[in-house]
Amino acid sequence: MRSSRALVPTLKEVPADAAGPSTVFLLRGGFVRRVGAGIYSFLPLGVRVLRKVERIVREELDRAGALEVLLPALLPAEYFRETGRWDVFGDTLFRLHDRKGGDYHLGPTHEEIITDLVRREVRSYRDLPKNLYQIQTKFRDEPRPRGGLLRCREFSMKDAYSFDADEAGARQSYEAMRAAYVRVFDRLALDYRMVAADSGAMGGSGSAEFQVLVQTGEDVIAACSACSYAANLEVASTPPAPPPAAAGEVPPPERVLTPGKGSIEEVSALLGASPATFLKSLVYVAGEGLVLAVVRGDHEVNEIKLARALDVREVHLASAAEVERATGAPVGFAGPVGFRGRVVIDRDAAAVPSGITGANEVDVHLRNVVPGRDFEAPVAELRSVREGDPCPSCGAPLRLYRGIEAGHIFLLGTHYSAKMGATYLDERGEQHPLVMGCYGIGVSRLVATAVEQAHDEDGIRWPMSIAPYEVHLVQVGQEPEVVAAVAELEAALEAAGVELLVDDRDERPGVKFKDADLIGIPLRVTVGRKALEAGGVELKPRAERDPKRAERLPLAGAAAAIAARVAALRAGG
RNA sequence: CGGGGCGUAGCGCAGCCUGGUUAGCGCACUAGACUGGGGGUCUAGGGGUCGUGGGUUCGAAUCCCGCCGCCCCGACCA
């Protein structure tokens with residue numbers, strides 16, 4: 001493709017609302033344009049990247065035995081009503097009506113639709129297992145679209161659904177998908193972790209997220225510095241801290257005045273005590289009632305773990321008014337001693353030999369509080385892991401990273417099939433619900449994710465596997481011998497099957513080089529009078545920052561050498 | 001949903017507080033000249049319902065009210 005005929009509208013300046021490197025460079029590089037909040041158009045360059053991601057996903061799913069289908073994006077309400085998700089999805093669902101007033105929505109995910117397809121077409125164990133996937137546009141009215149392409153209201157997603165006769169089969173399907181996902185993410189040249197995740201209210205028995213490690217990620221993941229343990233912070237675990245040295249005989253609790261000092265930081269400064277000796281007490285709304293959750297002063301409550309410990313769906317912090325009603329004191333002075341209501345305590349907090357905590361009285365704290373002696377509470381793991389906490393499987397320090405969830409694999413069990421009557425007959429003619437799994441990859445999100453991970457201050461550095469073109473042939477100058485050399489190279493490279501963008505615009509060299517760096521095609525070949533006089537053309541990988549370190553290739557053998565380099569990079573070199 | 005902010009040329013912004021010629025600047029765009037290996041210089045141009053509806057006023061981009069859209073932080077997020 002020649003730039004003179006292409007549509008690659010690069011920008012010097014960035015739209016003010018662009019957040020994060022992926023949005024900035026995809027907009028500036030002419031890959032995408034914003035149409036509305038969380039809604040983007042893909043321009044020719046962006047489409048090429050998107051298609052390459054799709055191709056890799058297709059190849060690996062096909063290799064794993066999955067079958068591609070295409071389900072509609074426009075859906076009648078009846079399917080989601082059948083599983084109750086018409087209500088559960090709430091405002092996240094884009095709803096619309098047809099001319100007759102019927103309820104419709106745009107598909108945010110397709111479990112119901114695929115389950116309906118399979119319950120009609122699959123009757124016998126002989127038809128199993130099946131794994132069906134599609135690459136489809138999904139619609140979710142996100143409460144807050146953000147991060148450009150990272151969280152959109154319309155986005156492209158690959159979703160696959162497996163159907164098996166039993167748990168063991170489903171587990172096999174799940175493992176096959178896990179392996180396929182590893183291949184996909186490896187081919188995309190992403191730095192990622194497969195992490196244990198919260199399986200949430202879906203009731204699944206297995207779940208893993210593919211988290212791409214980037215600074216701007218929305219999720220926090222904990223990964224072991226030594227072994228392969230990795231988990232979303234929501235579920236990451238660590239063994240109980242070793243109990244501190246015994247404090248000997250602890251005197252009875254003592255009231256201390258802490259006027260106006262409600263935070264751990266303030267009170268620890270006032271009393272000259274370490275935050276680790278505090279019993280931080282937070283009032284949560286859990287289901288119907290209020291619960292006091294106690295963690296060490298230097299720890300943070302993990303709401304997912306708390307909800308699990310209490311066996312409720314979710315918890316949230318109580319309002320200031322609720323706190324005051326529950327404790328009789330303003331926020332900052334809650335404590336487990338004398339608290340009228342349910343209390344739970346984290347393992348590490350329960351091991352504090354002599355703690356400081358709120359007295360449920362304004363401007364008063366208690367010291368010398370001994371869990372178990374001065375109050376009783378069930379002990380559970382309630383806190384989030386911190387950087388450096390020991391790994392639950394090997395004990396080495398955990399490291400914390402930010403990540404973007406780009407893939408999720410999930411064993412669903414019979415959640416949908418049972419509700420929707422998707423059953424098969426076994427060898428003995430008995431009817432059983434199909435055992436399902438679902439597997440998503442955020443295709444358009446991956447485009448942005450790759451940029452988040454592969455860029456420098458000048459622009460994108462695409463990996464060869466998803467670069468919009470493989471070689472950027474930059475013509476410098478309009479001299480006849482330059483034009484001829486470019487044409488010759490172009491023909492030879494295209495004949496060799498190299499995907500080529502030829503910058504033949506009548507622009508100054510600086511403009512072309514800046515654009516080339518911005519667009520980020522992995523290899524740049526410069527043809528100009530200077531280079532020709534010096535005996536050939538220049539080859540420079542995008543990753544090489546110093547233009548002086550470009551390689552000189554004699555024009556005669558240049559095409560073959562460049563094609564060989566492309567082949568090496570395609571192979572992951 | 002709570003808090004904060006922004007809507008002025010394709011993009012980035014100034015002007016608004018303190019109302020008053022023809023609404024400016026940079027980039028981009030068009031034409032020409034020079035220039036020619038890291039976003040060059042000069043000259044001449046084109047391009048605006050100042051988000052929208054109402055109000056105040058002799059007069060509104062500017063003041064007031066409503067609405068819409070968008071961004072950021074938080075809540076939420078199969």
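Throughout, a chain's letter reflects where its sequence line sits, starting with A, and its residues are numbered from 1. Here the structure is a predicted model, which is why all the values come from computation and not from measurement.
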Interatomic distance where [atom1] belongs to [X] and [atom2] belongs to [N] [whole Å]:
X: A/R445; N: B/C77; atom1: CZ; atom2: C1'; answer: 10 Å
X: A/E457; N: B/G38; atom1: CD; atom2: P; answer: 17 Å
X: A/F89; N: B/C76; atom1: CZ; atom2: C1'; answer: 14 Å
X: A/E13; N: B/G12; atom1: CD; atom2: C1'; answer: 4 Å
X: A/D458; N: B/G39; atom1: CG; atom2: P; answer: 12 Å
X: A/L27; N: B/C71; atom1: CG; atom2: P; answer: 12 Å
X: A/F155; N: B/C77; atom1: CZ; atom2: C1'; answer: 11 Å
X: A/K514; N: B/G36; atom1: NZ; atom2: P; answer: 20 Å

Go through the steps for A/Y469 and A/W462 under the test ring-ring contact (aromatic ring centres under 6.0 Å, His included), then give the verdict.
CA-CA 9 Å; A/Y469 290 93; A/W462 293 109; over 10 Å; no
The side chain to side chain donor-acceptor pair (under 3.5 Å) partner of A/Y416 among A/E112, A/E82, A/R85, A/E111 is A/R85
Report the base-pairing partner of [N] (Watson-Crick or G-U wobble, both distances below 3.5 angstrom), or none.
N: B/C70; value: B/G5
N: B/U22; value: none
N: B/G37; value: none
N: B/A44; value: B/U30
N: B/U56; value: none
N: B/A75; value: none

Can you check the distance between [N] and [M], where both ends of the measurement are the [atom1] atom (answer in whole Å)?
N: B/G48; M: B/G24; atom1: C1'; value: 12 Å
N: B/G53; M: B/A60; atom1: C1'; value: 15 Å
N: B/A61; M: B/C17; atom1: C1'; value: 14 Å
N: B/G26; M: B/G47; atom1: C1'; value: 16 Å
N: B/U30; M: B/G46; atom1: P; value: 15 Å
N: B/C13; M: B/U18; atom1: C1'; value: 22 Å
N: B/C50; M: B/C25; atom1: C1'; value: 16 Å
N: B/C64; M: B/C70; atom1: C1'; value: 23 Å

What's the closest nucleotide to the side chain of [X] if the choices are [options]?
X: A/E303; options: B/G37, B/G38, B/C76; value: B/C76
X: A/P143; options: B/G37, B/G38, B/A75; value: B/A75
X: A/R153; options: B/G38, B/C70, B/G39; value: B/C70
X: A/L518; options: B/G39, B/C77, B/C70; value: B/G39
X: A/E538; options: B/G38, B/G37, B/G39; value: B/G37

Test for a donor-acceptor pair under 3.5 Å between the base of [N] and the side chain of [X], counting only N and O atoms.
X: A/R34; N: B/G10; result: no
X: A/R508; N: B/G40; result: yes
X: A/E479; N: B/G36; result: no

Taking the six-membered ring of A/F25 as reference, does the NZ or CZ atom of A/R28 fall below 6.0 Å from its centre and within a 45° cone about the axis?
no
Cation-pi check for A/Y40 against A/R34: NZ or CZ below 6.0 Å from the six-membered ring centre and within 45 degrees of the axis, yes or no?
no
Taking for each residue the nucleotide of RNA chain B with the nearest heavy atom, is it A/G148 or A/V511 whose nucleotide lies nearer the 5' end?
A/V511
So, A/S173 versus A/D164: side-chain donor-acceptor pair below 3.5 Å or not?
yes
Taking atom types as modelled, is there a side-chain donor on A/H408 or A/S207 under 3.5 Å from an acceptor on the other?
yes
Side-chain N or O of A/K12 less than 4.0 angstrom from OP1 or OP2 on B/A28?
yes
Counting only side-chain nitrogens and oxygens, does A/R33 get under 4.0 Å of the OP1 or OP2 atom of B/G10?
no
Which is true for [X] with a 4.0 Å heavy-atom rule: it touches a base, it touches only sugar-phosphate, or it touches nothing?
X: A/D506; value: base
X: A/R524; value: base
X: A/G528; value: base
X: A/P9; value: nothing
X: A/V14; value: sugar-phosphate
X: A/E112; value: nothing

Check for me whether the distance between the ring centres of A/F80 and A/H105 falls short of 6.0 Å.
yes
More than 12 foreign heavy atoms under 6.0 Å from CD of A/Q215: is that the case here?
no
